[in-house]
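Here is the structure we will look at, set down as structure tokens.
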Protein chains: 2
Amino acid sequence: MSAPASKSPATLHDVAREAGVSLATASRSLNGSARKVNESYRLRVVEAAQRLGYTTNLFAQAVAKGSTTTVALLVADIADPYFSSIAAGVIDAASEENLVVTIAVTGRDSQRELDTVRALRGQRPRVMILAGSRTTGSPFEEHLRAELSSFEDTGGKVAFISQDAAPFATVLLDNHGGARDLAVALAGLGYRDVAVIAGPAEIRTAQERLAGFTAGLAEHGVRLPAERIIHADFTRDGGYRGTQELLAAGAGVDLIFAVNDVMAVGVVSALRDAGLVPGQDIGVAGYDDIPTVRDITPALTTVRIPLEDVGRRALRLATGTAHDGDGTGASAGFGAIPTETVIRESTPPR
Amino acid sequence: MSAPASKSPATLHDVAREAGVSLATASRSLNGSARKVNESYRLRVVEAAQRLGYTTNLFAQAVAKGSTTTVALLVADIADPYFSSIAAGVIDAASEENLVVTIAVTGRDSQRELDTVRALRGQRPRVMILAGSRTTGSPFEEHLRAELSSFEDTGGKVAFISQDAAPFATVLLDNHGGARDLAVALAGLGYRDVAVIAGPAEIRTAQERLAGFTAGLAEHGVRLPAERIIHADFTRDGGYRGTQELLAAGAGVDLIFAVNDVMAVGVVSALRDAGLVPGQDIGVAGYDDIPTVRDITPALTTVRIPLEDVGRRALRLATGTAHDGDGTGASAGFGAIPTETVIRESTPPR
DNA sequence: CCGAGGCTGGTAAGCGCTTTCTCTGTTACT
DNA sequence: AGTAACAGAGAAAGCGCTTACCAGCCTCGG
């Protein structure tokens, strides 16, 4: 190594001395500045920095400038493809703007979510993106709102993903509409005896999808009796157990709609384990179109959300980089993200 | 809100004034310190902080203390379940130690990986965890090493996940052994005409798995001719296309081993699309045991790696929190992570 | 030929926090 | 009672960086 391998990183001061210029000049030549500096000086500084293996201390820079390059992303569970796809989008868009993404996981726990937001504020991120599903009636909801408002008051930006969150910017997912369209399509295929594995009762995304689905069925005169709605965990195992419960109740059902794909995957497995052929004996549909549902058997009917795009959009929404006319090209404004019903083998016509 | 909603966040200075104490006292009472502070003072400070909605500016704190609470995690693709599971583990272990995790994605591009490491150094993270697969013979490899060494020289810690990375701490994944065991098990089931969809030739993880698998087969006298080894992308689509290629070559094969699960998922789909019944006509095996492979049809034979655990372990290895005797309880030392062959329906006995 | 600007380096005052050191007020002994 | 030893609060000096602000130097126009 040519680097002197000291015990602490080289500072700008070191670089300035090595280059024989002042601190100010060094700063100006290394980190953009409106001021011009003589090319020969600049070169000397850059070379000195190179030689010493100097990298700007972003923290110190942040302190001095009073603004950071951090984006905080809160997700319920990073291992869930839904969230990791969104995260991929956020990270992608962030790196375009030279922002660094910090990810925290809240595990669908409002208390913990609140704590996390508090802790994250210490990072003074430029923007905070909350992707965990909002719940209704949580006692922490109000505190969260307050915390976020105060964050915005002090110059931060927040963006929500999913349902409208009052005063904050939101990438709206049209859960109701998507589920409604799906229901219409399925009813059109001839399904009549429907059950829904819904998420936890207090999660709004789950509520909306359930409501939309019910509405869509109603348009075709299909009723969804209350006992055909099973609330379960928002996970693969939730879907599995919900299905067991449903089957145990002995309902004669020709279609199961799980309010998200990971649950639907659980449904398929549960059906199979119960000796039924998913798709053939009972149709199955999910929501989200996570990558895997294309590959399971039968391929799952679902509602596509352009997840990565949603992530990207959330970031841009928050940073104010309108930047439209890219990617899908669809939906220029700030309306809800368009969803698309994708019929696959898991719901053959009846 | 009772907070005055000023234009910039409350500073410690504000808190001190509000509480009528000195800056030093405020600092001492809010953020741990060896020094004791009169309880009544402490209370006043805490209340004032509460009232003003104060949160410590972590950056400033970092600058003053000269150390941060950040962990940087580099992954190839956060949307890949392999990496997102690892990330979940890292984040989990990190939050236990009050560390914040920053995730950057490198997209399996050595150049970009190097750039990212450089950029991340600016954050002065306490530890850097590299989970992307190492490649062999990349011209950037040496630079990366240098950059990381210099990072360690200046007080950082580096941990690699996967194969031994010379002077740096590593959570060793026994790719060779795992693949070998798998091959032995499969040969034991009667498979004889084997093909491998290997990853890109330069990725070490792929190489090792291929080598281990070949060795395992050899133990049972099964040969793996070179034309039965197809190199393809490390993704689902890579597996798909590799399989198409294989089938086009018209080889009479009874088993396809894909060097990772996402590729194996692609293999299954490709077989099916070619009118074959995976598992029945041709056995399929993968590697990693990502959550989804349990749920696809046929359920996939694979090699289990406790991914979250690997993430946790990487963090602890780097922070020096030995902290053993938890979770799985398995493997106390720093040996390779134990893998386990999981035979499922995709490889019925022949 | 001189003063007004325009450039561009350097000096120094912060940014929000920690921490050393000083200094005053107590407590504990002889 | 007098002093040593000890707390514990506050003043102030940083941490690494940015950015007014000041000071030379050069270029022009009158």
Side-chain angles (χ1 to χ4, degrees), chain A residues 6-45 48-49 52-70 121-126 154-156, chain B residues 6-45 48-49 52-70 121-126 154-156:
Chain A
S6 68
K7 196 62 202 116
S8 66
T11 78
L12 188 57
H13 190 88
D14 301 335
V15 174
R17 204 187 26 215
E18 172 89 9
V21 302
S22 78
L23 212 57
T25 304
S27 168
R28 291 198 266 256
S29 14
L30 287 178
N31 315 310
S33 148
R35 288 272 302 260
K36 230 185 295 182
V37 358
N38 186 307
E39 184 60 18
S40 75
Y41 276 33
R42 208 186 60 75
L43 232 66
R44 257 160 62 195
V45 171
L52 298 179
Y54 170 81
T55 31
T56 307
N57 182 327
L58 290 181
F59 286 4
Q61 190 172 63
V63 164
K65 282 195 175 160
S67 81
T68 66
T69 55
T70 306
R121 281 192 66 191
Q123 290 209 58
R124 304 286 187 273
R126 261 239 246 298
T154 57
Chain B
S6 68
K7 198 58 202 118
S8 65
T11 77
L12 189 56
H13 191 88
D14 301 335
V15 175
R17 205 186 25 214
E18 172 89 9
V21 303
S22 78
L23 208 57
T25 304
S27 167
R28 292 198 266 256
S29 15
L30 287 178
N31 314 310
S33 147
R35 282 272 301 264
K36 231 185 295 183
V37 164
N38 187 305
E39 183 61 18
S40 75
Y41 277 32
R42 207 186 60 75
L43 233 65
R44 258 161 61 196
V45 172
L52 297 179
Y54 170 80
T55 30
T56 307
N57 182 328
L58 290 181
F59 286 4
Q61 191 171 60
V63 165
K65 281 195 175 161
S67 80
T68 66
T69 55
T70 306
R121 282 192 65 190
Q123 291 209 56
R124 303 287 187 272
R126 261 240 248 297
T154 57

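Residue numbers start from 1 in every chain, and the chains themselves are labelled A, B, ... in the order their sequence lines are given, proteins ahead of strands.
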* **Length of the line joining Arg35(A):CZ and dC21(D):P, which is rounded to integer Å** => 12 Å
* **Considering all heavy atoms, the nearest Ala62(A)-Phe59(B) contact** => CB-CD2, 3.2 Å
* Structure fact -> Correct closest heavy-atom pair for Arg121(B) and Thr55(A) would be CB-OG1, 4.0 Å
* Mind checking whether Gln61(A) and Asn57(A) have side chains closer than 4.5 Å, heavy atoms only? -> no
* Please list, by residue number, the residues of residues 12-21 of chain A whose heavy atoms come closer than 4.0 Å to an atom of DNA chain D; answer none if no residue qualifies. => Leu12(A)
* To do: Please report, rounded to the nearest Å, how far the P atom of dC6(D) is from the CG atom of Asn38(B).
  => 20 Å
* Asked: What does Val63(A) touch in the nucleic acid at a heavy-atom separation under 4.0 angstrom: a base, only the sugar-phosphate, or nothing?
  -> base
* Asked: With respect to Arg28(B), which candidate in Val45(B), Val37(B), Val21(B) satisfies the side chain to side chain contact (heavy atoms under 4.5 Å, CB included) definition?
  -> Val37(B)
* Side chain of Ser22(B) (C-beta onward), nearest among dG10(D), dG8(D), dT18(D) -> dG10(D)
* To do: Specify the separation, in whole Å, of atom CG of Leu23(B) and atom C1' of dG10(D).
  => 10 Å
* Search all heavy atoms of Ala10(A) against all heavy atoms of Asp14(A) and return the closest pair with its distance. => CA-OD2, 3.4 Å
* Taking all heavy atoms of Leu23(A) and all of His13(A), pick out the closest pair and write down the distance. => CD1-CA, 3.5 Å
* Closest heavy-atom pair and its distance - Val15(B), Ala48(B) -> O-CB, 3.9 Å
* Asked: Judged by atom type as modelled, is there a donor-acceptor pair below 3.5 Å linking the side chain of Arg126(A) to the main-chain atoms of Thr69(A)?
  -> no
* Check: Ser27(A) and Leu12(A) side chains under 4.5 Å, non-hydrogen atoms -> yes
* Give me the bend of the helix from dC1(C)-dG30(D) to dT30(C)-dA1(D), using the axes of the five pairs at each end, rounded to 10°. => 50°
* Structure fact -> Nearest heavy-atom approach of Arg44(B) to Gly20(B) is NH2-O, 3.6 Å
* Asked: 5'-most contact on DNA chain D: Ala60(B) or Glu39(B), nearest heavy atom basis?
  -> Glu39(B)
* To do: Please list, in 5' to 3' order, the outermost nucleotides of DNA chain C lying under 4.0 Å from any heavy atom of chain A.
  => dT8(C) to dC15(C)
* Output yes when at least one side-chain N/O atom of Ser27(A) is less than 4.0 Å from OP1 or OP2 of dT18(D), else no. => yes
* **Contact under 4.0 Å: Tyr41(B) side-chain N or O vs dA7(D) OP1/OP2** => no
* Structure fact -> OG1 (Thr11(B)) and CZ (Arg17(B)) are apart, to the nearest 0.5 Å, by 7.5 Å
